[in-house]
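In what follows, a structure is listed as C-alpha cells, so that the remarks can point back to it.
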Amino acid sequence: MDIPGIIAAAGGKDAIARRRDLSVDAVKKWPIIGIPDRHWSALIEMSGGAFGPEDLYEANRAARAAAKPGSRAEPAPARRKTAAVVLAAGKGRRMESELAKVMHPLAGRPMIQHVLAGLEALEADRVVVVIGPEAPEVAAAVAPVPTVIQATQRGTAHAVEAARAALGSFAGDGDQGDVLVLYGDTPLIRPETLEMLLETRRAPPYPAVVVLGFPAQDPGEYGRLIVGPDGTLEAIVEASDAGLAEEAAFLCNSGVVVADGAHLFELVDEVGNDNPKAEYRLTDIVAIARRKGLACAYVKADPDELIGTNSRVELARAEAILQQRLRAQAMRDGATLIDPGTVYFSHDTRLGRDVVVGPCVFFGPGVTVGDDVEIRPCCHIEGASIAAGAVIGPFARLRPGAVIGPGAHIGNFVEVKKARIEAGAKVNHLSYIGDARVGADANIGAGTITCNYDGFRKSKTDIGAGAFIGSNTALVAPVKVGDGAVVGAGSVITRDVAADALALGRAGQREVRGWAVKYRAQRRGRKAARAAAKPPAGRSGKQARPKG
C-alpha cells in the first residue's frame, strides 16, 4: 500500500490532521518525505486494521527511493535555503521584572528557546537573534546561535537592519533564500505554520513578502491586514493609524513575516519613521513592495499560536495554551491523565506508553518515564528517570538525579535526591533518600533518612540488595549496608554493616517494674494539694470591707 492509499484508509488528510494536531499542508508532504514514525500508531488505529506497520515501512521505503537522485520519480526541486531573524531586544516593562522579557519561562524553559526549537525543527540554515545592549543572559540562553545588538530600539525594521551583516549571503542581491522574521516573545508558533508561510512564499505568484495573520473578534492594539479584492495583501495598518474601514477588518497582523532575501533589505532601506512614535516599522515593507509592483500575500493561523507575552497575565495565558498542547500530546502518545487540567508538564517531559498520571502532578525539566508506570496524585518530579513498572506516590517528591528502577515503589511523603533506587526496591513512606544507592528488592522502613550532609560536604549511603532497614532509622553517611542485612528500627547507623548481619544502633532498653503506679499516685497527690490550697470561687482570700 502506498502513502496516498494509507492516507485514504486512515480517513483522509483532514481527519489525520485533526487527530495528530497537524496542518493539512504538512500531511500533503508525506508522499515526498515519508510518514514520521511517531504517527504510525495513530494511523494504524485510525485505519481500523486496513494496514499495519509493514505497510507503513514499505510505503516509507518507496517514498525515500523515489526521492533519490536518478530515480524514475520526478526530481525534487533544489531545496531553497531559509534564514531567520529573531527579534528579542524589547525590555518588557509591563513584566515589571529585572529578568529580560524573553527569558521568562514557559513549561520550564525561557520563551525564546521555544522559538529557537521551532526553527530547529524547521531546519533553518541560519538564525540570528537581535538583543538589547544589556542582555548578556539572553545571549547565553541562545548560544551557540549568534546574536547582534540593537543599541537603540527604534522599531522592528531598525532591528532587522541590525541583523543585515550577520545574515551574510541572505542579505545579498542574488537569489540566496528566504528570511523569516520572528519575535522572541511569541513562542507558540508551530513549525508546521512556519512551513505553510514558506510554502506560500515559494509558490506562484512567488510573493516578495508573506505575512502571518490571524482572525480576532477583538483586535485591540494589533495592526490590521488590508486585503485586496483579488485576495492579495495590500498593506498593514497599525491600530493607532487605522480608520473606520480598517477597524472593521479583523484580520490581524502577528508581526511574523517571510521575505525573499533578494528583496528584503531593499524594502527595509525605504522604510521611514513618519509616524507618531517615529519608529521604523517592518510592517511598512508590504506597502513599499506593492508600490514596486511586487506581490504580497498572507497566511492565516490559529490565534493561540500568535499571542504575544508582554505581561504576566499574557505569560500565564501562554503557559495554559502550551500545557493544553503537552497534555494532548501525552494522551495521544499513550498516557492516561486522570484529571488532565491539573497535570503540568515541562517542555521535555517524556512519558512511555500506558503510563497513568493522577491529579495534581507537576513535572519539572528533565523527566523521563518508562512504560506502565503509575504516578499517583500530588507528586512533584524533576530531573528524574523512572523505569518501567514503577509506582510513585502519592505525595512523593523526586529531585534531580533520582533514578527509579523497574518495579520500584516510592510512596507517600518520600523524597529522593541524587539517588538510585534499584529494581523492586521499596521506599513506601515518610523517608528521605539522598546521595544514595538502594539495592534491588531492598525495603526501607517508614521514617528512614540518609544523613548525607555534615554542613560542609555530601556523602554517600550504599544499601545492598535485599537489605531491610527498620523504621525510624538514621543512616549517617558515608556508610554501607551489605546485601541482605537487617537494621533494627530506631537505629542510628554510623559504621558499615556486613552482608546478612543484624545491626542495632540504639540505647539498651531498661524496665523498672511498678514505677508507673507510684508515678501516677505522686502526680495525683500534687494535683490534689494544689486544688486544696486554691481559694473558693469568687473570693480572693482577703477580708471583705464593710459596705457603707
Side-chain angles (χ1 to χ4, degrees), residues 23 25 29 76-87 115 118-119 121-130 146 148 155-183 186 189 191-213 223 225-228 230-236 251 253-272 280-301 306:
S23 69
D25 290 315
K29 298 178 70 175
R79 179 180 177 273
R80 187 169 172 83
K81 291 186 176 182
T82 303
V85 178
V86 181
L87 306 187
V115 178
L119 292 171
L122 196 67
E123 297 182 346
D125 298 280
R126 184 171 302 175
V127 179
V128 179
V129 178
V130 181
V148 296
T156 49
H158 182 257
V160 172
E161 170 63 31
R164 186 193 293 238
L167 287 173
S169 61
F170 286 92
D173 296 331
D175 185 14
Q176 301 298 324
D178 299 313
V179 181
L180 278 163
V181 179
L182 305 171
Y183 294 81
T186 307
I189 302 176
E192 294 87 352
T193 300
L194 297 178
E195 286 180 355
M196 289 171 55
L197 201 62
L198 289 166
E199 288 169 1
T200 302
R201 227 280 327 136
R202 295 165 181 174
Y206 305 105
V209 179
V210 184
V211 176
L212 195 59
L225 302 188
I226 308 303
V227 180
D230 59 353
T232 60
L233 181 62
E234 293 186 344
I236 302 174
L251 186 59
N253 173 39
S254 70
V256 176
V257 304
V258 61
D260 186 341
H263 294 295
L264 175 60
F265 285 98
E266 72 178 51
L267 300 175
V268 168
D269 287 341
E270 294 191 28
V271 173
Y280 295 89
R281 297 168 173 171
L282 189 64
T283 52
D284 290 348
I285 67 173
V286 172
I288 296 168
R290 293 307 299 265
R291 287 201 304 268
K292 289 177 172 288
L294 299 172
C296 295
Y298 71 93
V299 170
K300 191 184 297 184
L306 301 173

Tell me every residue that passes side chain to side chain contact (heavy atoms under 4.5 Å, CB included) with Val181, counting only those two or more places apart in sequence or in another chain. Leu87, Val160, Val257, Leu282

Heavy-atom closest contact (Pro191 atom, Leu122 atom, distance): O-CD1, 3.9 Å

Go through Leu180 and Leu119 one step at a time and tell me if the side chain to side chain contact (heavy atoms under 4.5 Å, CB included) criterion holds. CA-CA 10 Å; Leu180 278 163; Leu119 292 171; 4.2 Å; yes

Listing, residues 284-299 side-chain donor-acceptor contacts under 3.5 Å, not counting sequence neighbours, or none:
| residue | atom | partner | partner atom | Å |
| --- | --- | --- | --- | --- |
| Arg290 | NH1 | Thr232 | OG1 | 3.3 |
| Arg290 | NH1 | Leu233 | O | 2.7 |
| Lys292 | NZ | Glu270 | OE2 | 2.8 |

Are the side chains of Thr283 and Val271 in touch, meaning some heavy atoms are under 4.5 Å apart? no

Measuring from Phe265:CZ to Glu161:CD, what's the distance to the nearest 0.5 Å? 6.0 Å

All side chain to side chain contact (heavy atoms under 4.5 Å, CB included) counterparts of Thr186, not counting sequence neighbours: Tyr183, Ile189

Check: Asp125 side chain, Thr82 main-chain N or O, donor-acceptor pair, under 3.5 Å: yes

To the nearest 0.5 angstrom, please state how far the CG atom of Asp178 sits from the CZ atom of Arg201. 4.0 Å

I want to check something: taking the side chain as every heavy atom from C-beta on, are Val129 and Val85 in contact at a cut-off of under 4.5 Å? no

So that I can tick it off, tell me whether Arg202 and Asp260 are bridged by a salt bridge, with the cut-off set at under 4.0 angstrom between side-chain N and carboxylate O. no

Which atom names give the shortest non-hydrogen contact between Ala163 and Val128, and what distance separates them? CB-CG1, 4.1 Å

Side-chain (Arg281) to main-chain (Gly155) donor-acceptor, under 3.5 angstrom: no

Give me the atom names and distance for the closest heavy-atom approach of Val148 to Ala162. CG2-O, 3.7 Å

Mind checking the CZ-CD spacing from Arg80 to Glu199? Nearest 0.5 Å is all I need. 14.0 Å

For the residue pair Gly213 and Leu251, what are the closest heavy atoms and their distance? C-CD1, 4.4 Å

Output for pair (Asn253 CG, Ile236 CD1), nearest 0.5 Å, gives 4.0 Å

In sequence, state the C-alpha distance, the side-chain angles, and the governing distance for Val256 and Thr193, and then conclude on side chain to side chain contact (heavy atoms under 4.5 Å, CB included). CA-CA 11 Å; Val256 176; Thr193 300; over 6 Å; no

Over all atoms of both residues, closest heavy-atom pair of Ala301 and Leu212: CB-CD1, 3.8 Å

